[in-house]
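Some notes on the structure that comes next.
Letters go in sequence order (proteins before strands), and every chain restarts at 1.
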There are 2 protein chains.
Amino acid sequence: MARYEQIASDLRDAIVRGDYPIGAQLPSEAELALRYSAARGTVRQAVALLAAEGLVGSRQGARRIVLGSERSQSFAELHSFAQWARSMGYRASGTVLSSRRRPCSPSEAVRLSLEPGEEVLDVLRLRRLDGEPVLVERTVYAGWIAPAVERLDPDCESVTQELYESVGLVFAYGEHLIDAVAAGSEDARLLGVRRGSPLLRQRRVTTTQEGRPVECSDDRYRAGSVTFSIRNSTAANPLVRRAGD
Amino acid sequence: MARYEQIASDLRDAIVRGDYPIGAQLPSEAELALRYSAARGTVRQAVALLAAEGLVGSRQGARRIVLGSERSQSFAELHSFAQWARSMGYRASGTVLSSRRRPCSPSEAVRLSLEPGEEVLDVLRLRRLDGEPVLVERTVYAGWIAPAVERLDPDCESVTQELYESVGLVFAYGEHLIDAVAAGSEDARLLGVRRGSPLLRQRRVTTTQEGRPVECSDDRYRAGSVTFSIRNSTAANPLVRRAGD
DNA sequence: AGCTCTGGCTTGTTTGTACAAGTTCGCCTA
DNA sequence: TAGGCGAACTTGTACAAACAAGCCAGAGCT
């Protein structure tokens, strides 16, 4: 763990613990540098981390201020349903309902950087939280990863983790589109809701560390089961609104 | 504009223009430093900006890779419906349907850091894109900003901009919760959809630069009119999933 | 009392240096 | 030919120093 991460972690703990309540000022960079025997640049890296998490705000000339005290989850927990569920104290389960290979559509070829007509793997999964069905996942995997996915246990809890352990695959980057849709008849049947009832849809494309697309997916959550949360500031905000297509 | 912002802007333009297509390698920091006659640290700040936007990814030891080429909007455009709409080439309009003062509820007191029972301003707005109603906005403003809000033109296009110009108020930080809900009868009537049809809901709390809460709001978008988009990486992702309450 | 202004404090930007750690690719060997 | 090894390259981390720019409180003035 890098020095600046240690410092960030220490400060984060202090904030979560309430040593610096919401609205309070953080010590100045100079003081922190002295306290941790680090250079000012290192301290700046640490507080930049906290600012990116939305925990503290900063303005030139004024002391940094504590804005929040909730710890936010890691990327892995965002990407992996199972890992997120576990960290929240839920028991996640899932079932593969269908899995078949087929040639990719033109739009999939673009999103996954494939040759037109190249083979992809189409998987339909139902996911549960504490036994309750909450998520219908329709995922399209690029052909090159298909064998590893097919080898997975159909009731495998965490696909992300299994793929990491079996072939060393790391999901590193992703783009997510979030909107609301009405439940289709299949969605309704699987999730146990009425047709036309609201679902929260998350469409995503995920790539490896090298920027190679792995999968794109259409995930639909039962309304009320899951909420997405974003903290943002003038400094950094990756969330954008887009016009409906 | 700082030097590192200029460099970031230049690189961003080059990426958007297609000089560095998706999957391509960016020049090394050393080369960029030479090209822009800047120190390596300055170049690093520039590319860190692009990485935060999700445009490029980086791994220790390997060249940086271009991950996307879409320009993402600024915070102002996320926060302000009107500014976002304008930047996307839409014509935004809006109407205040009701506006009244009342004592705040206990939960509002917590979210806006008010004394229990302190007065707040409750505003119901309908927003349109190119004349089509797409958004019902139920906003609760803290009492101290209420007079400025009441002075606004009921058909005012951009509340954010007007409040900045009239009282110098800057919305600096926000927390956003996104989920799907069924349209209530009022929602349905205002948006011209059937009751029970899916809406994308964004609940938010916004604060000033000093961390003082200004407003909390419940915004409901007609399904299909707007999509939220998030780019993330192992490095930074402010988006988290939360269990439904 | 209320206002202005100034000086000290704090964060923002930039440069330079050094080393650590990971990647890539060509060369050499079995 | 396949695999291993290592050198060169590239990004990550850390330190030090200097100046710019913005904030704030207290001194002084009206």
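- Counting to the nearest Å, the P atom of C:dT23 and the CD atom of B:Q25 are 14 Å from each other.
- Protein atom CD of B:E31 is 12 Å distant from nucleotide atom C1' of D:dC9, rounded to whole Å.
- Under the 4.0 Å criterion applied to side-chain N and carboxylate O atoms, A:E210 and B:R59 are assigned as salt-bridge partners.
- One interatomic measurement links the two molecules: CG of B:L49 to P of C:dT14, which rounds to 12 Å at whole-angstrom precision.
- Note: CD (B:Q6) to P (C:dG12) measures 19 Å, nearest angstrom.
- Taking the charged nitrogens against the carboxylate oxygens, A:D218 and A:R201 do have a contact shorter than 4.0 Å, which makes a salt bridge.
- Annotation: side-chain hydrogen bond (donor to acceptor under 3.5 Å, both in side chains) contacts involving residues 139-148 of chain B, sequence neighbours excluded, comprise B:R125-B:Y141, B:T139-B:S217.
- With rounding to whole Å, B:I7 atom CD1 is found 10 Å from C:dT14 atom C1'.
- Between A:R127 and A:E137, at least one side-chain nitrogen of the basic residue sits less than 4.0 Å from a carboxylate oxygen of the acidic one, meeting the salt-bridge criterion.
- Under 4.0 Å is where a charged nitrogen must lie from a carboxylate oxygen, and between B:E119 and B:R102 no such pair does.
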* To do: Using a 4.0 Å heavy-atom cut-off, write out nucleotides 11-20 of chain D from 5' to 3' as B (base contacted by protein), S (sugar-phosphate only) or - (no contact).
  => BBBSB--B--

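- Between B:R138 and B:D219, no side-chain nitrogen of the basic residue sits less than 4.0 Å from a carboxylate oxygen of the acidic one, so the salt-bridge criterion is not met.
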